[in-house]
Asks: 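Structure provided below as structure tokens; questions to follow.
Read the numbers this way: they start at 1 and go in the same order the structure lists the ligands and their atoms. Note that the structure is predicted; figures quoted are calculated from it, not measured. Below, each value reflects all heavy atoms present in this structure, side chains not excepted, and no hydrogens, waters or symmetry copies.
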Amino acid sequence: MKSNRRDFLRVTGLAGIGLAGANIIEGNATGLSGENSRQPSGRQAKHFNMSGYAAPKIDVVRIGFIGLGNRGPGAVSRMSKIDGVEIKALCDIRPEKAEKAKSLLANTSHRPDMYTAGENDWKKVCERKDIDLIYIATPWSLHAPMAVYAMEHGKHAASEVPAAVTLEECWQLVETSEKTKKHCMILENCCYDFFELMTLNMARQGYFGEIVHTEGAYIHALLESNFEKEGYYDMWRLKENMRNGSLYPTHGLGPIAQVLDVNRGDRMDYLTSMSSNDFMMGAKAKELAATDSFYKPFENKGYRGNMNTTTIRTVKGKTMMIQHDVTSPRPYSRIHLVSGTKGTALKYPEPPRISNGHSGWLDETEFKALEEKYAPPIVKRVGELAKQIGGHGGMDFLMDWRLIDCLRNGLPLDIDVYDAAAWSAVAPLTEKSVANRSNAVDVPDFTAGSWKTNQPVDVLLQKGGNTKVKI
Ligand SMILES: NC(=O)c1ccc[n+]([C@@H]2O[C@H](COP(=O)([O-])OP(=O)(O)OC[C@H]3O[C@@H](n4cnc5c(N)ncnc54)[C@H](O)[C@@H]3O)[C@@H](O)[C@H]2O)c1
């Protein structure tokens, strides 16, 4: 029950604190898994089921953007190309960043108001009466507070990944979304990449048979970027790397969670997580601090083990493997493996490939035929436009377009608050497991049992799909 859960957080001293470094064992003293270590009673009482919830149609979706650093401006530009969107507000604590994002709208009809008057000016954006959607691209620690405040002020919230950094924040998102009936989407763009969409459609149509195992990853050499003075605002990303676990799991996890119908027919039951030592970040900090006092505060800190490997088992007995490595000098990979009783899909290294047996992968012609057959309607409808507009090869645009199209047509979102919570929760849960010799940790059921009857994502675009694009 909700009150039990809160009481539990209070008595264990977990309420309101991040789990980073807290190294707290819930439940029984002998290990991290088992009935006693579950979220108390699995939170049986819920306000409302947001999965499949169709909010009232919004003809023109009025958007306020918060966070206009590396990531935010691209979203402003993409949204300006979607029919039925009005950009009402741009907010960043750094005025020059907001101004730069505004310049992207110079030749459009959008005339946003600017909010750059300090660290709390974003609240004024959420408090406006003439905004429908708050789009958040700030440092991780601000995502959940901003999304919660937005929903409490009657706005739908869309947050960059991860949507929350602590379990408590994950619950706050769920409870606020259910209470306000406002959507809370995690902007997991990788769910809209072309091969990922195709494999989701193939999975739905039984191509892989019963899916047994899946893999995803975030392997991206960001060592230099994390230490760049002008890289991320106030070095936030380097500071986050002082937590130890799979800190950024959702790019790999989101697409395979959808393939496995997590929260919509199955759910993540428990995970175990193991990290290597840090062989690079501490050394880099030391090297830089030797000649530049700016880096002194980053010296002699405990950094995330460079490679984290997490395995997750679902209630229905499927497995997921997630890797996280943002320091090693190796080619980018999100893996995306789907392995079933009848077939396998694999992306990274590219090009992606499909197989039906142990003798090898299908050839290019056979792959193209599958692409023709299984490219889902969203790709057929706006895939080419998305590639022209761009954003990680087009997937960012597909995500934004689908979000707006769902809001305009009053359709449930593909990615709801339970996905935002469960996918984001993996990071703090892995921190617990890593800190305790990889002991198993239960994944809370944020749906409070509704996963058994929630409907899968509409990959066939059965409704909507009529929002036009202006380029
Ligand atoms: N989905 C993807 O592919 C993808 C890619 C890159 C980044 N991201 C995510 O986007 C988010 C932003 O990342 P980034 O690389 O743009 O970081 P960034 O540091 O460049 O941008 C964050 C912005 O937030 C602003 N900000 C900080 N505090 C604020 C406050 N109180 N009020 C208003 N603005 C504030 C900063 O000034 C900065 O401009 C992160 O969550 C990151 O994980 C996602």
Asks: Checking Lys229 against Phe294: charged group under 6.0 Å from the ring centre and within 45 degrees of the axis?
Replies: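 Yes, a cation-pi geometry.
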
Asks: Decide whether an N or O pair under 3.5 Å exists between Tyr233 and ligand 1.
Replies: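 Between Tyr233 and ligand 1, an N or O pair is found under 3.5 Å apart.
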
Asks: Could you check atom 15 (O) of ligand 1 against the protein and tell me its nearest heavy-atom contact, residue, atom and distance included?
Replies: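 Here the nearest protein heavy atom works out to Asn70 ND2, 3.1 Å.
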
Asks: Geometry only, no angles: is Val161 polar-contacting ligand 1 at N/O separations under 3.5 Å?
Replies: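 Yes, Val161 has an N/O under 3.5 Å of an N/O on ligand 1.
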
Asks: Quickly, which of His392, Arg334, His336 forms a side chain to side chain donor-acceptor pair (under 3.5 Å) with Asp193? Name it, please.
Replies: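 The residue from His392, Arg334, His336 that satisfies side chain to side chain donor-acceptor pair (under 3.5 Å) with Asp193 turns out to be Arg334.
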
Asks: Where is the nearest protein heavy atom to atom 16 (O) of ligand 1: which residue, which atom, and how far?
Replies: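 Closest protein heavy atom to atom 16 (O) of ligand 1: Arg71 N, 2.8 Å.
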
Asks: Which residue holds the protein heavy atom closest to atom 38 (C) of ligand 1, what is that atom called, and what is the gap in Å?
Replies: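 The closest heavy atom on the protein side is Arg94 NH2, 3.2 Å.
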
Asks: Show which atoms of ligand 1 fall inside a sub-4.0 Å distance from at least one heavy-atom site of His392.
Replies: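 By the 4.0 Å cutoff, the relevant atoms are 3 (O).
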
Asks: Test Ser273 against every option in Thr309, Thr310, Thr311 by the side chain to side chain donor-acceptor pair (under 3.5 Å) rule and name the one that passes.
Replies: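 That would be Thr310.
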
Asks: Atom 26 (N) of ligand 1: which protein heavy atom is closest, and how many Å away?
Replies: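 Minimum-distance protein heavy atom for atom 26 (N) of ligand 1 reads Ile93 CG2, 3.7 Å.
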
Asks: Side-chain contact, heavy-atom cut-off 4.5 Å: His156 with Ile58?
Replies: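 Yes - at least one pair of side-chain heavy atoms lies under 4.5 Å apart.
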
Asks: For Ser275 and Asn308, does a side-chain donor sit closer than 3.5 Å to a side-chain acceptor?
Replies: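 Yes, because at least one side-chain N or O of Ser275 sits under 3.5 Å from a partner of the opposite role on Asn308.
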
Asks: Starting from atom 18 (P) of ligand 1, locate the nearest protein heavy atom and write down its residue, its atom name and how far away it is, to 0.1 Å.
Replies: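 Checking every protein heavy atom, the shortest distance to atom 18 (P) of ligand 1 gives Trp236 NE1, 3.7 Å.
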
Asks: Do Glu240 and Pro139 make a side-chain contact, defined as non-hydrogen atoms from C-beta onward lying under 4.5 Å apart?
Replies: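 Sidechains of Pro139 and Glu240: no contact.
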
Asks: Which one of Leu142, Asp396, Asn189, Thr138 has a non-hydrogen atom at the shortest distance from atom 28 (N) of ligand 1?
Replies: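 Shortest heavy-atom distance from atom 28 (N) of ligand 1: Leu142.
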
Asks: Does either side chain, that of Asn263 or that of Asn454, offer a donor lying less than 3.5 Å from an acceptor on the other one?
Replies: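 The criterion, which ignores hydrogens and geometry beyond distance, is not satisfied for Asn454 and Asn263.
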
Asks: Give a yes or no on whether a salt bridge exists between Asp400 and Lys81, defined as a side-chain N under 4.0 angstrom from a carboxylate O.
Replies: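 No salt bridge links Asp400 with Lys81.
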
Asks: At less than 4.0 angstrom from any non-hydrogen atom of Tyr232, what atoms of ligand 1 do you find?
Replies: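 Near Tyr232, meaning under 4.0 Å from one of its heavy atoms, ligand 1 has 15 (O), 17 (O), 19 (O).
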
Asks: Can you list the ligand 1 atoms lying under 4.0 Å from a non-hydrogen atom of Leu68?
Replies: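 Those of ligand 1 that fall under 4.0 Å from Leu68 are 39 (O).
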
Asks: How are the rings of Phe446 and Trp171 set relative to one another: parallel (under 30°), tilted (30 to 60°) or perpendicular (over 60°)?
Replies: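 Geometry flag for Trp171 against Phe446: tilted rings.
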
Asks: Does some non-hydrogen atom of Tyr115 fall short of 4.0 Å from ligand 1?
Replies: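 No, that is not the case, since the closest heavy atom of the residue is not under 4.0 Å from the ligand.
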
Asks: Evaluating non-hydrogen atoms only, which member of Pro162, Ala137, Gly67 is closest to atom 22 (C) of ligand 1?
Replies: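 Heavy atom nearest to atom 22 (C) of ligand 1 belongs to Ala137.
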
Asks: What protein heavy atom sits nearest atom 41 (O) of ligand 1, and how far away is it?
Replies: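 Ranked first by proximity to atom 41 (O) of ligand 1 is His143 CE1, 2.8 Å.
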
Asks: For atom 24 (O) of ligand 1, what is the nearest protein heavy atom, given as residue, atom name and distance?
Replies: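 Minimum-distance protein heavy atom for atom 24 (O) of ligand 1 reads Pro139 CD, 3.5 Å.
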
Asks: For the residue pair Phe227 and Tyr295, does the interplanar ring angle fall in the parallel (under 30°), tilted (30 to 60°) or perpendicular (over 60°) class?
Replies: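 Tilted: the ring planes of Phe227 and Tyr295 meet at 30° to 60°.
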
Asks: Does the side chain of Asn49 pick up a donor-acceptor pair with the side chain of Ser51 at under 3.5 Å?
Replies: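 No.
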
Asks: Heavy-atom contacts with His251 under 4.0 Å: which atoms of ligand 1 show up? List them by number with element.
Replies: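 By the 4.0 Å cutoff, the relevant atoms are 1 (N), 2 (C), 3 (O).
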
Asks: Would you say Glu188 contacts ligand 1, with heavy atoms under 4.0 Å as the rule?
Replies: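 The answer is no: ligand 1 sits nowhere under 4.0 Å from a heavy atom of Glu188.
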
Asks: Checking contacts here: is it the side chain or the backbone of Glu160 that comes within 4.0 Å of ligand 1, counting heavy atoms only? Could be both or neither.
Replies: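 Just the side chain.
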
Asks: Looking only at protein heavy atoms, identify the closest one to atom 8 (N) of ligand 1 and say how far it is in Å.
Replies: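 The closest one turns out to be Tyr248 OH, 3.6 Å.
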
Asks: As a test of understanding, state which of Arg128, Lys88, Lys124 forms a side chain to side chain donor-acceptor pair (under 3.5 Å) with Asp113.
Replies: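 Exactly one option meets the side chain to side chain donor-acceptor pair (under 3.5 Å) with Asp113, and it is Arg128.
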
